[in-house]
Amino acid sequence: MANEGRDAYAPAEVEEKWQRLWEERGTNTYTREALEGAPDPFYNLMMFPYPSAEGLHVGNIYAFTGADVHGRYQRMRGHTVFEPIGFDAFGIHSENFALKRGIHPMDLIPSNVRNFTRQLRRTGGMFDWRHTVDTTDPAYYRWTQWVFLQLFEAGLAERKEAPVNWCPSCKTVLANEQVIAGACERCGTPVEQRRIAQWFFKITRYAQRLLDNLATLDWSDSTRKAQENWIGRSDGAELRFPVLDADGDETGTHIDVFTTRPDTIFGATYMVLSPEHPLVDDVTEEGHRKGVFAYREEAARKDLVARQKTDKTKTGVFTGGYCRNPATGEAIPIWIADYVLMEYGTGAIMAVPGHDERDFEFATAFELPIVRVVAGAGDSAGTPLTEAYAGDGTLVNSGEFDGLPWQEGKRRITEWLEGRGLGEARVNYRLHDWCISRQRYWGPPIPIVHCPTCGPVAVPESELPVVLPRVEDFKPDDSGVSPMARVEEWYRTTCPRCGGEARRETDVSDTFLDSGWYFLRYPSTDFDDRPFDRGLTTRWLPVTTYIGGNEHAVLHLMYARFLTMVLHDLGHLPFEEPFTVFRAHGLITHDGAKMSKSRGNVVIPDPIIEEFGADTFRLYLMFLGPFEEGGDYRDEGIQGPYGFLHRLWDTALTCGDGAPEASVERKVHRTIKQVTEQVATLQYNTAVAALMECLNAVRAGGRQVARAEIEPLVALVAPFAPHIAEELWERMGNEGSIFDGARWPAYDDAKTVDDTVKVAVQVNGKLRGTVDVAPGSPEAAVVAAARAEENVSRHLEGVTVRKVVFVKDRLVNFVVS
RNA sequence: GCCGGGGUGGCGGAAUGGUAGACGCGGCGGCCUCAAAAGCCGCUGUCCUCACGGGCAUGCGGGUUCGACUCCCGCCCCCGGCACCA
């Protein structure tokens, strides 16, 4: 193709030009007035990144591009699309990196943010840089602290003791990820647990609502399911086991257990308390005190991670105490064992070794009695148990309840015990309250003052933010509390209530609190006197579409939902669910393997963008696999999209003004239809394939291309490759940005239908030929044509046709003997 | 163990129960070019056949159906998440 006098596609030039123009013209940014008056708002949210020192990685770009394609598409359909981005810059990653490199996070983060901003601009995202947030900016975390106070004042924040990982050598608190195989990641010393007072948000109060609302959300199934499991509702009963003294008389205290199988209570042959259970001392007999004490110490010495390791053999000790099984009336021994967790249920269980795998293992190890109380098909009351039986069956050895199906037994036994004041039906959740305290430096201070007379007092709203001071020595030390606890001039203050001497809370809050409400802030960043403006919030929220990774399926998304619900209940928000639609994108691998630094197969975006351009990179990322499932990045694969954009460029700039050819026009209309449907549902890989196929058809045989044949393709490719689309759009003589004025092409249904269709002809289900017929041809005509087909007729020779299957415009199948 | 998602050419991946392998990469052969970049043409699952054709092919084993990558039953393997949750 002769092309002297016309410049070749030079991505770098085109991309720099349009990034500059977008910025100059404010193409993607909104003023406060524009946001307030938006006629058709579409809030397109993506998960804001943590600005690491390494820069954006391919995973970030993959996620952002997928979301940006969606936003650009919605904009071309005429919506006012608000697409903000920000930085989730507090937290342990920055702090650890800063410690390692000896750079203060207050210096490190701004330079990381600058670098991320530069990279994000280069990728061609439609970001509104007027409305960005940085969680480490006091102007932002002032409102994070405000959110804390809302919960505090509503009685949803409470301070209680909870275990943390403790390194006895570094004398510091460790996050779970800093514990490697039970040892401190820095010094290798075995980690212990310690109990310290921490702040919790009472998310468990919202467990049922968080669960119920899931059904109303248009979210990826995998994400919804993950939330459901995380909340972990189980229906059962709380039962009371009276404690007995040495003479076998009731002492008046009792142990409550939670069980999902009250029907098996006749098989409860012993009781197990968690080592931390408050009644352990009460029930322990003199002779057993030493053993119980030693066991409890040992359990405490284990770190929180190791404590939860499964497939370890069961350990435990007998306390010497007994309680009464309220069903059988018999005395059963009370043990303590670390397989019972204080965090779940009541911290105590009735052990039914016949029908619970863990109890069976424990009973076998310590030679405790095992009784069958459920008989499966073919079993009787006396059938011995060689393993725990957890299947279906009817009750046996259960007194008056013998013979009942277990489900019915569950109900009846609960009622029976309830009638005797020995228990009641109960629902229990796996979800725990949200611990937001971090004994760290790099986070927003929790806005509380501890007063010796008034207790914990909220910092008045007018005094927010409680600014995190610049402290050069922020390394955790042997004090065991936050580094802020040694900055006396900071923590010494007066009580806001009584004016007496007091001390600031020195812990900072969890980063999930920063990210738990950031989407509320974006539209309102023009306001510094309120976290989010009522009018803007009503117009723009809830978020229309949120696209992000499933790694945040439970924590981030659950906390954001919880905070939204609370703020709704407190009258601050008119909705209780923040994200109407959520879509989880897949993971991207490189040459079939997960990317990781240690493998050395991390794809670095910058050199790729330099060589091929952001448009090609974006197009390739969206093409290499289904967006919601992820895909495999292969370095050579980028050549396909690269060549495609080159051909698109050449074709668009050499097209003529003639009328479109009918068959090509049909292809174009079919493509518009397909791309429209598939981009809307995030099926980007097949939409891109359709664009390639269409361009091939348009260019077939080096034919002269008509403008009407190629111009729609320029618009269809725009969400994926915005810079080249703008440039071609302009060079084809159009005014203004292709993203302004709802330029998404329309298709004519009548023009998506071909004038002939290929019908497959089978004999006994095997393809023997095809025939071309007019669409909608009747059976008789198609069958006749099929019989006439040479190869088909040969296969029909000498056999009897028993049946003819006809599917209009698709196939004919001759069933022969 | 539980909950998701998968298993299709050399590779990434397409296929409302109806022509398996679209689109792309890679490979092979050719064109254009001083050269490179970009571009263009043809072939490319596998086996048999000079060819026309035909056989075999969607992790494994069964089933339903005129017809199964697709639906049903039973396995195996891979990826992600949760995990002593009573």
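Naming: A, B, ... by sequence-line order, numbering from 1 per chain.
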Shortest side-chain distance from [X], nucleotide among [options]:
X	options	answer
Met692(A)	rG39(B), rG24(B), rA14(B)	rG24(B)
Lys225(A)	rC23(B), rG4(B), rG39(B)	rG4(B)
His646(A)	rA14(B), rA38(B), rU19(B)	rA38(B)
Lys758(A)	rU19(B), rG18(B), rG39(B)	rU19(B)
Ala689(A)	rC3(B), rA22(B), rU19(B)	rA22(B)
Asn229(A)	rC3(B), rC66(B), rC85(B)	rC3(B)
Asp632(A)	rA86(B), rG12(B), rA22(B)	rG12(B)
Thr259(A)	rC40(B), rC23(B), rA86(B)	rA86(B)
Lys594(A)	rG13(B), rG18(B), rG80(B)	rG80(B)

Problem - Leu691(A) CG to Gln678(A) CD distance, which is reported to the nearest 0.5 Å - result: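 It comes to 9.5 Å.
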Is there a Watson-Crick or G-U wobble partner for [N] with both distances under 3.5 Å, and which nucleotide is it?
N	value
rC85(B)	none
rC69(B)	none
rC52(B)	none
rG80(B)	rC3(B)
rC40(B)	rG30(B)
rA22(B)	none
rC60(B)	rG74(B)

Exercise for the section: Would you check if the side chain of Arg372(A) reaches a backbone N or O of Gly354(A) as a donor-acceptor pair within less than 3.5 Å? Expected result: no
Nearest-Å distance, [atom1] ([X]) to [atom2] ([N])?
X	N	atom1	atom2	result
His556(A)	rG81(B)	NE2	P	18 Å
Leu587(A)	rG6(B)	CG	C1'	14 Å
Tyr684(A)	rA14(B)	OH	P	15 Å
Arg358(A)	rC2(B)	CZ	P	14 Å
Arg430(A)	rC85(B)	CZ	P	10 Å
Glu636(A)	rG10(B)	CD	P	17 Å
Gln678(A)	rG13(B)	CD	C1'	14 Å
Asp359(A)	rC85(B)	CG	C1'	13 Å

Work out how far the [atom1] atom of [N] is from that of [M], and round it to whole angstrom.
N	M	atom1	answer
rG9(B)	rG21(B)	P	14 Å
rC69(B)	rA83(B)	P	40 Å
rC52(B)	rG4(B)	P	50 Å
rC50(B)	rG39(B)	P	39 Å
rC78(B)	rC25(B)	P	32 Å
rC66(B)	rG29(B)	P	50 Å
rG18(B)	rC71(B)	P	11 Å
rU64(B)	rG27(B)	P	47 Å

Exercise for the section: Classify the glycosidic conformation of rG10(B) as syn or anti, calling it syn when the angle lies within 90° of 0. Expected result: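 You should classify rG10(B) as anti.
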Give [X] one of three labels, base, sugar-phosphate or nothing, depending on what nucleic acid heavy atoms sit under 4.0 Å from its own.
X	answer
Asn696(A)	sugar-phosphate
Glu228(A)	nothing
Lys766(A)	sugar-phosphate
Gly769(A)	nothing
Arg794(A)	sugar-phosphate
Asn813(A)	base
His590(A)	nothing
Gly637(A)	sugar-phosphate
Phe623(A)	base
Leu624(A)	sugar-phosphate
Asn791(A)	sugar-phosphate
Arg768(A)	sugar-phosphate

Taking the basic N atoms (NZ, or NE/NH1/NH2) and the acidic carboxylate oxygens, is any pair closer than 4.0 Å for [X] and [Y]?
X	Y	value
Arg411(A)	Asp263(A)	no
Arg768(A)	Glu789(A)	no
Asp221(A)	Arg224(A)	yes
Arg583(A)	Asp218(A)	yes

Students often mix this up, so state it plainly: with edges at 30° and 60°, are the rings of [X] and [Y] parallel, tilted or perpendicular?
X	Y	value
Phe366(A)	Phe362(A)	tilted
Tyr9(A)	Trp649(A)	tilted
His355(A)	Tyr389(A)	perpendicular
His552(A)	Phe512(A)	perpendicular

State whether [X] places a side-chain N or O below 4.0 Å from either non-bridging phosphate oxygen (OP1 or OP2) of [N].
X	N	value
Gln639(A)	rA38(B)	yes
Ser234(A)	rA86(B)	yes
His355(A)	rA86(B)	no

Handout entry: 5′-ward residue of the pair Leu431(A)/Arg634(A) relative to RNA chain B
Key = Arg634(A)
Practice task
Using the closest heavy atom to pick a nucleotide of RNA chain B for each, name whichever of Gly701(A) or Tyr642(A) lands nearer the 5' end.
Solution key: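 That would be Tyr642(A).
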